[in-house]
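Here is the structure we will look at, set down as C-alpha cells.
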Amino acid sequence: MDRNRLQHQAASMRRSLFDQGYLDEPFIQLEELQDDASPNFVQEIVTLFYTDSARLIQNIEHALNSRPIDFDKLDDYMHRFKGSSSSIGAKKVMNECTVFREYCSAENAEGCFRSFQQVKQDHAILRRKLEVYLQMVRQAAVSQTT
Amino acid sequence: MNSSSGKTYMSTSNSSAGWKAGDAAADQFPVGLRVLVVDDDPTCLMILEKMLRTCLYEVTKCNRAETALSMLRENKSGFDVVISDVHMPDMDGFKLLEHIGLEMDLPVIMMSADDGKHVVMKGVTHGACDYLIKPVRIEALKNIWQHVVRKRKNEWKDFEQSGSVEEGDRQLKQSEEADYSSSANEGNWKSSKRRKDDEDETDDRDDTSSLKKPRVVWSVELHQQFVAAVNQLGIDKAVPKKILELMNVPGLTRENVASHLQKYRLYLRRLSGVSQHPSNLNNSFMSPQEATFGPLSSLNGLDLQTLAATGQLPAQSLVTLQAAGLGRPTGKSGIPMPLVDQRNIFSFENPKLRFGDGQQHVNNNKQMNLLHGIPTTMEPKQLAGLHHGAQSMGNMNMQVASHGSQSSQNNPLLMQMAQPQVRGQMLNDTSLGHPPRLLSPMGQPILSNGIAANVSTRNGIQENIRAPSYNPVSQTSSMLNFPMNHAAELPGNSFPLGSTPGISSLTPKVAFQEDVNSDIKGSVGFLPSYDIFNDLNQHKPQNWELQNVGMTLDASQHSNSLQGNLNHAQSVLVQQGFPSGQVNGQNRSATVVSKAMFSSGDSTGHVNVQNGNQHLNSLLVDSTVRIKSETPTILYPDDFGQEDLMSALLKQQDAIAPAEHEFDFDGYSLDNIPV
C-alpha cells in the first residue's frame with residue numbers, strides 16, 4: 001500500500017478512537033511528546049501501560065476474589081489503575097474505573113464485580129484498537145510513497 | 001553552566017539578584033532545572049520524565065519514595081524541585097513531602113489522580129508548594145520553576161528583613177569579581193573587619209551596592225536569647241518590643257525581632273501540627289542554652305524534623321538544638337541523635353527513641369572521631385546540639401559545632417552522627433552523580449548527614465580531607481559546618497526555627513568562625529579544606545544550585561566571598577550552596593563549599609559549611625557528581641547562598657581575626673588538623 005493511503009487509514013482510525021470515546025486528550029499529549037529523540041514514544045508508553053495495567057488487573061481480580069473483600073485495598077488498586085489509564089488518555093477505561101470506585105466506597109461487591117468486568121472489557125478493546133492503530137502508523141512510516 | 005570549573009564568576013551576580021546574568025546558567029533558567037520525580041506508576045513516570053525533558057529540565061526519576069529520599073539525602077543540593085505522587089506503596093507521598101521539607105527544604109509538588117478537596121488540602125497543610133491533578137499536562141510542568149524561584153525569593157526576603165548587613169553582601173560584592181580568591185579575600189577581609197557584630201545592624205547597606213540589604217544574622221546565641229525572651233514572656237504575650245527589651249542586644253531592632261518572631265511562630269505551628277512532640281520543641285527552644293538542650297535532644301528526632309519541615313529550622317535553632325543536644329547529654333546524647341536519627345526519623349519511627357540510641361552511640365563515636373588529636377572541647381552542649389540537628393542535621397550540627405570551640409568536635413560528631421548510614425556512602429560514594437549542590441536548606445541537616453556520614457566513618461577525616469577526592473573535604477565540611485554556624489553568628493542562624501530555610505543556611509556560616517578557628521586547629525578534617533577551598537577559589541562555585549533555598553544562595557555567595565576569606569571558611573561552609581561546581585567539575589559545589597568552609601573557618605581550615613558541607617560532602621563524595629551537563633544547576637544559588645555566606649563569612653572574619661587574608665589554604669591546613 002502506498003504511504004498516503006496508509007497514513008490516511010491511520011488517521012481515520014485515530015479519529016474514530018477519539019470520536020468513540022476510547023481516547024482522550026492526554027493521548028494527544030503523548031503524540032506531541034514523540035519526537036526525534038523518542039521516535040516510538042507513543043508505542044513505548046502504550047506497551048508500558050498494558051504491561052503494568054495487566055499486573056494491576058490481576059491484583060484487583062485477586063482482591064475481588066478473596067473473602068472478605070478488602071474494599072480499601074480494592075479502591076487503592078483501582079485508584080492506581082485509573083491514574084495510569086488517565087495518563088494515556090484511556091477515556092472509557094477511566095470512566096469505568098470511576099464507577100467501580102463508587103461501588104467500592106459503597107462496599108457493593110456485586111457492583112464492583114460488574115463494573116470490573118466492564119473495565120476489563122474496555123481495557124481489552126482499547127488494547128486491540130491501539131495495536132491496530134499503531135501498526136498502521138508504523139506501516140505508514142516505513143512505506144514508500146508511490 | 002555554572003558548575004563549570006574554573007569559572008570564577010561566582011554567583012555574585014546570581015546571588016544578589018538571584019539570577020543575574022552573570023551566571024550563564026541563570027540566564028538560561030529554568031533550563032536545566034533539576035527535577036526529581038517520584039511515582040510508583042511506571043507509565044506516569046515515563047511520561048512525566050519525557051515531558052520534563054521536553055521542558056529542558058534535568059530529570060531524575062524514581063519509583064520509590066525511599067529511594068528518592070536517599071537520593072536527596074546523598075545529594076542535598078542535587079535537585080531544585082521534587083514532584084511526587086501522593087499514593088505510593090512504600091511511603092505516603094505526604095510523608096515524603098514532610099521529610100523533604102524538613103531535611104532538604106526543597107519545593108515539593110504533589111500530584112495525584114485524586115482531586116478531592118480533602119487530599120488537596122492535605123497537600124497544602126503538609127507544605128506542598130503545588131498540587132497537580134493527573135493526568136498532568138506538560139503546560140503544568142513548564143511552570144514549576146516558579147516554585148523554586150518563589151522559595152528562594154522568600155528566603156531572601158526573610159534575610160533581608162532581619163536587617164543588618166550581611167557579610168554575605170560584602171562578599172557578594174567580592175564575588176562579583178572574576179577572580180574570587182584574591183580580590184575576594186581582600187574585600188572580605190575588609191568587610192569583615194568592619195563588621196563588629198553580626199547582629200549589629202551596621203549600615204552596610206551602603207556597601208552592598210547590588211547586594212541585598214543587611215540583615216541580622218540570627219546566630220545560635222542570638223536565637224537562644226530570643227527564645228529565652230519569648231519563653232519568659234510566654235509565647236502568647238511575646239511581642240517584639242518586649243522581646244527586644246529582654247534580649248537587650250545592641251543593634252537589634254524591633255523589626256528584626258518581629259520578623260524573627262514571625263518565623264518562629266510559624267515554626268512552632270508547624271511543629272505542633274507535624275511533629276508529634278510539639279511540646280518538645282518548645283522545650284528545646286525554651287532553654288536557650290544547654291539547659292534546653294536536654295529537651296531538645298528528645299526532640300531532636302522529631303523536632304528537627306518538624307523544624308525542618310516547617311521550614312526552616314533556622315540554622316541557629318538547629319545549632320542550638322544541637323548544642324543543646326551536645327551540651328547536654330540528656331540521655332540522648334544529643335548530637336548523635338540528630339544525625340543518626342535523621343534517617344530514623346524519616347523512617348517514621350519514633351525519633352525519640354532513636355535519638356537516645358543514636359546519641360549515645362554517637363557520642364561515643366564522636367569522641368573517637370572527634371579528633372584524633374584534636375583537643376576539641378566539644379562541649380556536651382554542642383554535642384547535644386548536634387544531635388538535635390538530626391533533622392536539620394546539617395544545620396544543627398553545624399551550629400552546634402560552632403558553639404564553641406567545639407567546632408572541631410562538632411564536626412566529628414556531626415559527622416558521626418549525621419548519618420551513620422550515610423557515612424559510608426557519603427564518603428566513598430562519589431558516584432552520586434548529582435551535581436553537588438552546596439546549598440542545603442538551612443534547617444536541613446543536610447550537611448550533617450552527609451558530613452556526618454563522612455566524618456564519622458572516618459576518623460581520619462583528615463585523611464579524607466586530604467584526599468583529593470573531595471570526599472574528605474566533604475567531611476570536613478560537615479564538621480566545619482557545625483562549628484561554623486555556631487561560633488560566629490551564623491547568618492544563617494537567623495531563624496533556624498524554620499522560618500525560612502534560607503535563613504538557616506546562613507547561620508551556619510557565621511557562627512562558625514570563632515569557634516571554628518579555635519577548635520579547628522585540632523580538628524581533623526580541616527586540612528582537606530584547603531584543597532577544596534583552593535579549588536573553590538579557582539572555580540568559584542558556580543553551582544549554586546538552588547536547592548536549598550536560603551542556603552544555597554548564601555552558600556554561593558559566601559563561597560565566593562569565602563574564597564577570599566578562607567578563614568571564614570565557615571561562612572562558606574554554611575552556605576552550602578557554594579558553587580562547588582568548580583571543583584573538578586565534579587563536586588563542584590561540594591568542593592567549593594568545602595573550601596569555603598575551610599578558608600573562612602580559620603587557619604584551621606575548619607570549614608563548617610554546615611549546610612553547604614553537606615552538600616559538599618555529598619558533592620565531594622560524588623566527586624563525579626554528575627554535574628549534570630544539562631543543568632546549569634547553579635541556577636539560583638547566588639541569591640541566597642552568597643549573601644548568607646557572605647554574612648557568615650563576614651562574621652566569621654571578624655570573629656576569626658582574619659589571620660590570613662589570603663586564601664591560601666595552605667596556611668590552614670594543616671596545623672590544625674591533627675591527623
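Residue numbering restarts at 1 for every chain, and letters A, B, ... go by the order of the sequence lines.
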Looking only at heavy atoms, which two atoms of [X] and [Y] are closest? And how far apart?
X	Y	value
A:Gly83	B:Cys44	O-SG, 4.0 Å
A:Leu48	B:Pro42	CD2-O, 3.4 Å
B:Thr43	A:Phe49	OG1-CA, 3.4 Å

Task: Crowding at CD, A:Gln58 (>12 non-hydrogen neighbours, <6.0 Å) - done: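 Counting other residues, nucleotides and ligands, CD of A:Gln58 stays at 12 neighbours or fewer.
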Task: chain A contact residues among residues 131-143 of chain B, heavy-atom distance under 4.5 Å - done: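 When heavy atoms of chain A are the reference, residues 131-143 of chain B contributes B:Lys134, B:Pro135, B:Val136, B:Arg137, B:Ile138, B:Glu139 within the under-4.5 Å range.
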Task: Sorted by number, residues from residues 110-124 of chain B in contact with chain A (heavy atoms, under 4.5 Å) - done: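 If one takes a 4.5 Å heavy-atom cut-off, the residues of residues 110-124 of chain B near chain A are B:Ser112, B:Ala113, B:Asp114.
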Open item on the list: A side-chain contact here means heavy atoms from C-beta on lying under 4.5 Å apart; do A:Asp35 and B:Arg53 qualify?
Closed with: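 No - every pair of side-chain heavy atoms lies 4.5 Å or more apart.
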Task: Side chain proximity check, A:Arg80 to B:Asp40, heavy atoms < 4.5 angstrom - done: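 They are in contact (side-chain heavy atoms under 4.5 Å apart), so the answer is yes.
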Task: Contact class of A:Glu32 relative to chain B, heavy atoms under 4.5 angstrom - done: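 For A:Glu32, neither part sits under 4.5 Å from chain B.
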- [ ] Please look at A:Leu56 and chain B and tell me whether the side chain, the backbone, both or neither of the residue comes under 4.5 angstrom of a heavy atom of that chain.
- [x]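 It is neither, since no heavy atom gets under 4.5 Å.
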Task: Inter-residue atom distance B:Met46.CE - A:Ser38.OG, 0.5 Å rounding - done: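 Here the interatomic distance stands at 8.0 Å.
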Task: Contacts with chain B made by residues 69-79 of chain A (heavy-atom distance under 4.5 Å), listed by residue number - done: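 Under the 4.5 Å heavy-atom cut-off, A:Asp76, A:His79 qualify.
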TODO: Mind checking side-chain hydrogen bond (donor to acceptor under 3.5 Å, both in side chains) for B:Asp130 and listing every partner two or more places apart, or none if nothing turns up?
DONE: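 Applying side-chain hydrogen bond (donor to acceptor under 3.5 Å, both in side chains) to B:Asp130 gives B:His147.
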Open item on the list: Determine whether A:Ser84 and B:Asp41 satisfy the following criterion, side chain to side chain donor-acceptor pair (under 3.5 Å), listing intermediate values before the conclusion.
Closed with: CA-CA 7 Å; A:Ser84 207; B:Asp41 182 334; 3.0 Å; yes
